Amino acid sequence: MAQAVSLIFPDGSRREYDAVATGADIAASISKSLAKKAVAYALDGTLRDLADPIGEAGGRIEIITRDDPRALELIRHDAAHVMAEAVQELYPGTQVTIGPVIENGFYYDFARDEPFTPEDLPVIEKKMREIIARNKPFTKEVWPRERARQVFRDKGEFYKVELVDAIPEGEDVKIYAQGDWFDLCRGPHMVSTGQIGNAFKLMKVAGAYWRGDSENAMLTRIYGTAWATQEQLDQYLHMLEEAEKRDHRRLGREMDLFHFQEEGPGVVFWHAKGWRLFQNLVSYMRRRLDGTYEEVNAPQVLDHSLWQTSGHWGWYKENMFKVECADEEAEDKRVFALKPMNCPGHVQIFKHGLKSYRDLPIRLAEFGTVHRYEPSGALHGLMRVRGFTQDDAHIFCTEEQLAEECLKINELILSTYADFGFKEIKVFLSTRPEKRVGSDALWDHAEEIMTGVLEEIGRSDSRITTAINPGDGAFYGPKFDYVLKDAIGREWQCGTTQIDFNLPERFGAFYIDRDSEKKQPVMIHRAICGSMERFLGILIENYAGHFPLWFAPVQVVVATITSDADAYACEVAGRLKAAGLTVETDLRNEKINYKVREHSHAKVPVILVCGKREAEERTVNMRRLGSREQASLSLEEAVASLAGEATPPDMRRAAS
RNA sequence: GCCGGCAUAGCUCAACUGGUAGAGCAACCGCCUUGUAAGCGGUAGGUUGCGGGUUCGAGUCCUGCUGCCGGCACCA
């Protein structure tokens with residue numbers, strides 16, 4: 001007789017069971033209907049197979065039914081297994097590798113001589129539905145390592161053999177079977193394939209390197225999405241469709257903000273309205289720097305020797321633009337490089353003249369345009385370009401000032417993101433990479449400081465989630481990355497704070513300390529938006545082009561109904577311009593319906609309709625983007641309220 | 001850079017298995033003086049991304065390149 005263990009149920013009740021009792025037994029002991037609906041159980045919050053015995057420890061138990069949010073993970077994981085079975089049934093000789101659950105779905109990586117194409121997806125999907133309909137139970141076995149190795153080797157599953165070998169000694173080698181098909185898997189799984197349901201869809205095929213390493217073979221990855229119900233699936237697909245309408249590349253064209261063309265892969269042609277957005281952002285950031293930073297400007301093109309000194313020529317040569325005189329015969333030929341970073345320039349400025357410890361911290365800012373020869377496959381609209389402007393700054397300070405400077409930067413970043421309405425921000429601390437400079441002691445010290453700062457950042461704001469990215473730091477020091485999401489949830493690094501123990505040393509930068517000795521400053525690289533281009537891309541998507549009044553490229557259109565009101569409309573526009581607003585008039589001989597439609601499409605936040613009536617009464621009729629409602633205001637009122645509303649949030653704070 | 005896909009007018013798309021490019025919207029020109037998301041009529045617009053090939057004939061088939069899209073890798 002096995003040992004009796006005590007289980008605590010969600011309602012707080014406590015009951016005794018045999019340690020060999022399974023989740024299924026426990027569900028059955030509660031009610032027949034629960035036993036039928038159960039797909040798994042959780043012991044102290046950890047999901048397990050329903051067929052797993054509860055074991056001797058006992059604890060808090062929850063029976064997981066299919067409609068439990070935690071079941072979604074199982075549905076997706078099971079779907080990945082079924083997809084793998086479908087693929088192997090349809091395309092014999094295909095090797096399976098790994099197939100994890102991801103946000104909104106799952107994927108599975110396959111090795112096959114001939115890669116899959118999108119046309120294969122419906123076929124695989126159909127086979128999956130067949131397998132699900134067979135409703136075979138998932139069963140688990142623990143195999144001896146050697147047997148697993150042997151079986152997979154005999155099947156020609158060489159990637160699986162590698163995975164078996166990678167399982168740490170002492171950990172079980174678990175095999176999950178569904179009918180005749182089986183896979184190495186950590187589990188858990190639901191009871192049978194039928195529980196997956198039919199609310200799934202295969203989304204796309206993509207290449208992916210084995211174990212994420214570009215030195216390895218490229219596998220074919222198939223992505224799928226899976227949900228508990230058809231409604232949820234439809235909702236998700238609908239959300240993706242809606243998100244596509246917010247894509248900054250699409251809105252850039254529709255709103256006439258910018259374009260790209262073949263001759264300039266990865267470089268932006270900013271149109272008038274887009275450039276206004278760009279300048280609005282620069283002006284905002286510049287105001288935020290006022291009083292704390294000194295703005296400078298360093299050259300675009302510098303001799304490559306400077307980049308050799310900085311180390312970039314060695315580390316990043318393949319990503320740099322080389323610049324030289326086009327005349328091959330030129331006698332004074334030198335090799336220059338287009339700057340990929342602003343920091344060496346700022347170090348030169350710092351070095352110009354002797355600095356005292358009393359001068360520190362010195363904060364040099366630059367809206368610095370840099371060029372990087374990014375891999376062709378990395379380019380992505382405004383998000384990843386080859387020429388971009390950073391709202392860059394470098395802080396030269398003492399080690400003691402480091403933590404405080406990081407926190408100050410954090411405040412600046414978070415208040416900026418708040419002004420643009422971001423509600424979800426991830427902050428990552430990236431620690432020492434393999435390829436690095438500086439002693440371990442130095443890294444230990446920096447990482448210790450930054451870990452403390454990260455904790456403080458995490459506490460500072462409820463919109464933030466923090467995490468550590470081990471090994472992701474820059475070669476010269478650890479860093480914080482501030483990550484924002486685009487319309488479809490892709491994450492992009494925007495703000496950053498990077499500690500650098502290396503560059504001051506390389507360039508021999510120093511200050512005179514209290515004791516009249518030369519001392520090396522610590523350097524902090526930081527950016528708030530990161531790249532203005534990327535930040536604008538994110539803003540376009542997050543606002544779906546509906547910018548707040550203070551940021552919109554065209555803030556107001558004054559539209560007439562008939563030409564009788566032309567003079568008055570011009571007067572209204574003049575008054576608004578005088579109040580600092582960006583205004584256009586629309587005096588065309590068109591119906592007001594037509595004008596409203598057109599400016600609504602252009603996402604102008606405010607349309608002021610001025611007809612004969614308004615001209616006589618000296619009023620305006622105000623219509624807001626996204627609303628059908630109209631308000632009649634006196635001209636004075638309208639100017640005052642729009643001017644107030646168009647005040648940027650930082651200036652509003654300063655005024656109050 | 002790697003894997004897969006795509007490339008026809010400014011935009012969205014059409015042109016059966018190869019038979020010398022067509023529509024809507026936008027643009028331009030007229031008419032309409034109009035009250036809150038498309039008035040009416042007309043005109044113009046393409047060396048089908050670029051280069052080679054197969055063919056009597058290529059937007060369509062083959063091939064090289066370029067760019068873009070989705071991932072992967074990279075991201076100082």
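In what follows, chains carry the letters A, B, and so on, assigned in the order in which the sequence lines appear, proteins first and then strands, with residues in each chain numbered from 1. Treat the numbers as computed from the prediction; the structure is a model and nothing was measured.
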Dump every N/O contact between nucleotides 44-47 of chain B and the protein below 3.5 Å, one line per pair.
none

Please list, for nucleotides 8-13 of chain B, all pairs of protein and nucleotide N/O atoms separated by less than 3.5 Å.
none

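Partners of A/Q261 by side-chain contact (heavy atoms from CB on, under 4.5 Å), not counting sequence neighbours, listed by chain and number: A/H259, A/E263, A/F269. Listed by chain and number, the residues in a side-chain hydrogen bond (donor to acceptor under 3.5 Å, both in side chains) with A/K322 amount to none (sequence neighbours excluded). For A/E571, the salt bridge (charged side-chain N to carboxylate O under 4.0 Å, His left out) partners two or more places apart in sequence, or in a different chain, are A/R618. Shown here are the side-chain contact (heavy atoms from CB on, under 4.5 Å) partners of A/V123, two or more places apart in sequence or in another chain: A/L90, A/Y91. When the side-chain contact (heavy atoms from CB on, under 4.5 Å) test is applied to A/Q498, the partners found at least two apart in sequence or on another chain are A/A474, A/Y476, A/K479, A/T496, A/H525. Qualifying side-chain contact (heavy atoms from CB on, under 4.5 Å) partners for A/E244, counting only residues two or more places apart in sequence or in other chains: none.
When the C1' atom is used for both B/G18 and B/U48, the distance is 15 Å, rounded to whole Å. Nucleotides B/A26 and B/C62 are separated by 37 Å at their C1' atoms, to the nearest Å. B/U47 and B/A21: their P atoms are spaced 12 Å apart (whole Å). When the C1' atom is compared between B/A38 and B/U54, the two are found 49 Å apart, to the nearest whole Å. Taking the P atoms as reference points, B/A9 lies 38 Å from B/U36, given to the whole Å. One P atom belongs to B/G71, the other to B/G19, and the distance between them is 36 Å to the nearest Å. The gap from the P atom of B/C11 to that of B/G4 amounts to 28 Å, rounded to the nearest Å. Nucleotides B/A58 and B/C2, compared at atom P, are 32 Å apart to the nearest Å.
Here B/A26 presents its C1' atom at 12 Å from NE2 of A/H601, a figure rounded to the nearest Å. Atom CG of A/N216 is separated from atom C1' of B/G1 by 15 Å (rounded to the nearest Å). Between the P atom of B/G35 and the CZ atom of A/R597 lies a distance of 18 Å, rounded to the nearest Å. One interatomic measurement links the two molecules: NZ of A/K595 to C1' of B/A37, which rounds to 14 Å at whole-angstrom precision. Rounding to whole angstrom units, NZ of residue A/K591 and C1' of B/C31 are separated by 10 Å. Nucleotide B/C3 holds its C1' atom 15 Å from the CZ atom of A/F110, rounded to whole Å. For the pair A/L121 CG and B/G5 C1', the computed distance is 12 Å after rounding to whole Å. At whole-Å resolution of the value, CG in A/L608 and P in B/U36 are 16 Å apart.
Among the heavy atoms of the strands, none lies under 4.0 Å from A/E318. Counting non-hydrogen atoms under 4.0 angstrom, A/I592 reaches the backbone sugars and phosphates but no base.
Screening A/T619, A/V583, A/V558, A/V639 for a side-chain contact (heavy atoms from CB on, under 4.5 Å) involving A/V572 leaves a single residue, A/V558.
Residues A/Q520 and A/F501 come closest through the heavy atom pair OE1-O, 4.3 Å. The shortest non-hydrogen separation linking A/Q555 to A/L581 is OE1-CA, 3.2 Å. Of all heavy-atom pairs spanning A/L382 and A/F258, the tightest one is CD1-CE2, 3.5 Å.
A salt bridge links A/R250 and A/E254; the closest N-O separation between the charged side-chain nitrogens and carboxylate oxygens is under 4.0 Å.
Using a distance-only test at 3.5 Å, with no hydrogens or angles considered, no donor-acceptor pair links the side chain of A/T560 to the main chain of A/S563. Within the 3.5 Å criterion, the main-chain N or O of A/Q493 finds a donor-acceptor partner in the side chain of A/R534. No donor-acceptor pair closer than 3.5 Å links the side chain of A/H312 to the backbone N or O of A/P340. With hydrogens and angles disregarded, no donor-acceptor distance shorter than 3.5 Å links the side chain of A/D120 to the backbone of A/P115.
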Show me the donor-acceptor pairs within less than 3.5 Å that the side chains of residues 99-108 of chain A make with the rest of the protein, sequence neighbours left out.
unit_1: A/Y108; atom_1: OH; unit_2: A/K160; atom_2: NZ; d: 3.3
unit_1: A/Y108; atom_1: OH; unit_2: A/D183; atom_2: OD2; d: 2.5

Report task. Give RNA chain B the dot-bracket treatment, 5' to 3': Watson-Crick (N1-N3 with N6-O4 or O6-N4) or G-U (N1-O2, O6-N3) under 3.5 Å, [ ] crossing, | other strand. Result -> (((((((..((((.....[..)))).(((((.......))))).....(((((..]....))))))))))))....

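For A/K204 and A/Y223, the positive end sits near the middle of the six-membered ring, less than 6.0 Å away and at most 45° from its axis.
Using a 4.0 Å cutoff on non-hydrogen atoms, the parts of residues 619-632 of chain A near RNA chain B are A/N621, A/R623, A/R628, A/Q630, ordered by number.
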Report task. Take nucleotides 67-76 of chain B nucleotide by nucleotide from the 5' end and write B, S or -, depending on whether a protein heavy atom sits under 4.0 Å from the base, only from the sugar-phosphate, or from neither. Result -> SSSBBBBBBB

